[in-house]
Amino acid sequence: MRENEANGNTTPVHSNQKHKEIAELTKASLPPPQPLPSKGSDEGGEEMATLTLPDGRTHKLRVLKPTCGNQTFIDIRDLLSATNAATFDPGYSSSASCCSAITYIDGDKGTCLYRGYPVHELVEKSHFEEVAYLLMYGEVPAENVRLMFEKQLKSEMLVHERLKNFFTEFLTGAHPMAMLATVVAALSSFFVDPMDLNDAEERELAIIRLIAKMPTIVGMCYKTAVGEPFNYPRMHMSFAENLLYMMFARPLEEYTVDPLHAKIVDAFLILHADHEQNASTSTVRTAGSSRANPYACVAAGITALWGRAHGGANEAVIKMLKEIGDVSGVPDFVQKVKDKKVRLMGFGHRIYKNYDPRAIAMRGLCRQLFEAGTQRDPLFDLAMALEEVALSDDYFVKRKLYPNVDFYSGIVLRAIGIPQEMFTVMFALGRTVGWLSHWKEMIQEQQMKICRPRQLYVGPTERAYISPAEISAERLRAPSPPPRSEPQSEESVSIARQPSDIPRHRTKVVIEAPSIESEYINEFMPTETEMSKHFDFHKVQAMVVKRLSSDRRSTRGEPLGSPFPFIRQSESEWDDHHFNPDDPAPQTPTSRERLDSLSMLSSGSAGG
């Protein structure tokens, strides 16, 4: 057995006897992997499509058919090399980047299959550990294999004691997803790196370790956020039970895992285990195509999942329901949606044009939870009322806006005590199995061509280089801007009378190059009259920025540092929300402080 001596880690790299037995039993029971279709021609009676280019040239492309569904795929892998033409498909909505046998989705029919099994059946009849094995290896395990697999997972749930030190360094209030991504990436430092991706045994053990250690790390993220001591996993508990125990057990009292809560978590993890080539799964495959280790690939998937448009959608649903308030506010909210004044979160899906089958299962779990005596969440009644109104309204039916899995998942998690900041972490915990199944598939079936999409370049053509000194000299030789007419009175320049012209007070101007002549800046300074009782200093700063902008030396929405290297915007980006004179302003400086500050600004000193 090799050891990672450089890190002081004595964890063996090669699997133990139990893992070898699982691997042998699995290999004996599974069919051989299906290779990626090779680049073909029209020989052999294959169906071909013909592409005609603008210059009259034609190119034949092979037509590929999936095992499920009626979609047609055009193989364009040799298009660029043969014709010097490329396709343009931002977001890959019409492109297949790989062949996969893991998950099939039919959005029109509302179907989601894991290795051919409907996901709602797996929620009812299986459990997460079994589904994890199914996704990884393609078949439901025999009973003896299942027991060995679960035992292997439990034996790998402990993390290295030094890994706990990472959590002590996170600042109070750090988001749990930031902790999760950091610690998962750091796992690779506790094992031999670089990992031998050609060693199937080493790959399998890395997958087992990642799946097993994820609930332990998730529990540590939660305990760090609430400031409580860590708990360690128990061999007699299931995957879901261990997660709840490590999150909610406290040293001051006995903790017994609620079986219904464990069932809810188990179902949640199954429903989120995989969903074909979504943003995070594609990210994992992209990272994996560069031969990165699986810990780094999963960390990349976690960061992609973090986005509001992906894993954070269930948090947005909870926020929306809270804003509606109660059932009586539903009709008014629906009308605002129709008027495009607000967005309806948790409805519609880029893939599903029917009811999301995962949402049906999640809604059933909600009912089961509240019927069992759990304190009813008023948001559940609100969600049911909103769904009823939306599904009976032609506006939403015509647009095929049906509830998706995010619509009810947040309510379920809230009901069992999981805070909103942990929703996406729970999503990542379940999806890790899917990510690793795709990582395993791409290596096993030799789909390891590095991802390298093309781009449609729209930038400047080739041009000669001009040095910064030449640019500055040219600008200084330029004629001065026409003199600015002075306002007739102090009131005419009041910010209260120009709310649309002044950025909000959070904008700051910072001088970064004292060598620039102060006279050049003074041209844009407000007069001392303008600095009188009507203006605080932070408002004067905003005025300076505005006048620089009006001189066409910077544009709204762009950093000021580009045309003026000595000025940058330091705290907030330009936006469409302007300063409101009714907002509380920072403490007003004295007139002497204003003059001193402006003197420093005009002389080139750094300011905040």
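Since the model is a prediction, treat every value here as computed from it, not as a measurement.
- Under the 4.5 Å side-chain criterion, counting only non-hydrogen atoms from C-beta, Arg343 is not in contact with Val337.
- Interatomic distance, Asn293 CG to Leu187 CG, rounded to the nearest 0.5 Å: 9.5 Å.
- His175 has its side chain out of reach of Leu180: every pair of non-hydrogen atoms, C-beta onward, lies at least 4.5 Å apart.
- A side-chain N or O of Glu130 and one of Ser126 form a donor-acceptor pair less than 3.5 Å apart.
- Each of Phe149, Phe128, Tyr114 was scored for a ring pair (Phe, Tyr, Trp, His ring centres under 6.0 Å) with Tyr133, with one residue passing: Phe149.
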Margin query: Assess the residue pair Phe347 and Tyr402 against the criterion (ring pair (Phe, Tyr, Trp, His ring centres under 6.0 Å)); give the C-alpha distance rounded to whole Å, side-chain angles, the decisive distance to 0.1 Å, and a yes or no.
Written below: CA-CA 5 Å; Phe347 278 73; Tyr402 300 95; 8.7 Å; no
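- Considering Leu269, Val119, Ile270 as possible partners of Val131, the one that fulfils the side chain to side chain contact (heavy atoms under 4.5 Å, CB included) test is Ile270.
- The nearest pair of heavy atoms linking Pro403 to Glu387 is CG-CG, 3.7 Å.
- Annotation: Asn70, atom CG; neighbour count of heavy atoms from other residues, nucleotides and ligands within 6.0 Å does not exceed 12.
- Contact annotation: the side chain of Pro453 approaches that of Tyr92 to within less than 4.5 Å [non-hydrogen atoms, C-beta and beyond].
- Environment of NZ in Lys336: sparse, with no more than 12 heavy atoms of neighbouring residues, nucleotides or ligands closer than 6.0 Å.
- Between Leu429 and Pro215, the closest side-chain pair of non-hydrogen atoms falls below 4.5 Å.
- To the nearest 0.5 Å, the span separating CD1 on Ile105 from CG on Asp108 amounts to 12.0 Å.
- Looking only at side-chain heavy atoms (C-beta outward), Asp274 and Val433 stay at 4.5 Å or farther from each other.
- Looking at heavy atoms from C-beta onward, Glu441 lies in side-chain contact with Ser100 at the 4.5 angstrom threshold.
- The side-chain heavy atoms of Leu305 and Asn278, taken from C-beta on, include no pair separated by under 4.5 Å.
- The neighbour count for Asp89 CG, taken as heavy atoms of other residues, nucleotides or ligands under 6.0 Å away, is above 12.
- Taking the six-membered ring where the residue is Trp, the centroids of Phe427 and Phe268 are separated by 6.0 Å or more.
- With rounding to the nearest 0.5 angstrom, the OG1 atom of Thr111 is 8.0 Å from the NE2 atom of His120.
- Of the options Leu210, Leu205, Ile211, a side chain to side chain contact (heavy atoms under 4.5 Å, CB included) to Glu156 is made by Leu205 and by none of the others.
- Seen from the ring of Tyr395, Arg399 counts as a face-on cation partner, given the 6.0 Å and 45° thresholds.
- Residues Leu64 and Thr72 have side chains not in contact (no heavy-atom distance under 4.5 Å, counting atoms from C-beta outward).
- Atoms NE2 and NE2, on His272 and His275 in that order, are 9.5 Å from each other to the nearest 0.5 Å.
- In this structure, a donor-acceptor pair under 3.5 Å is present between the side chains of Trp435 and Ser280.
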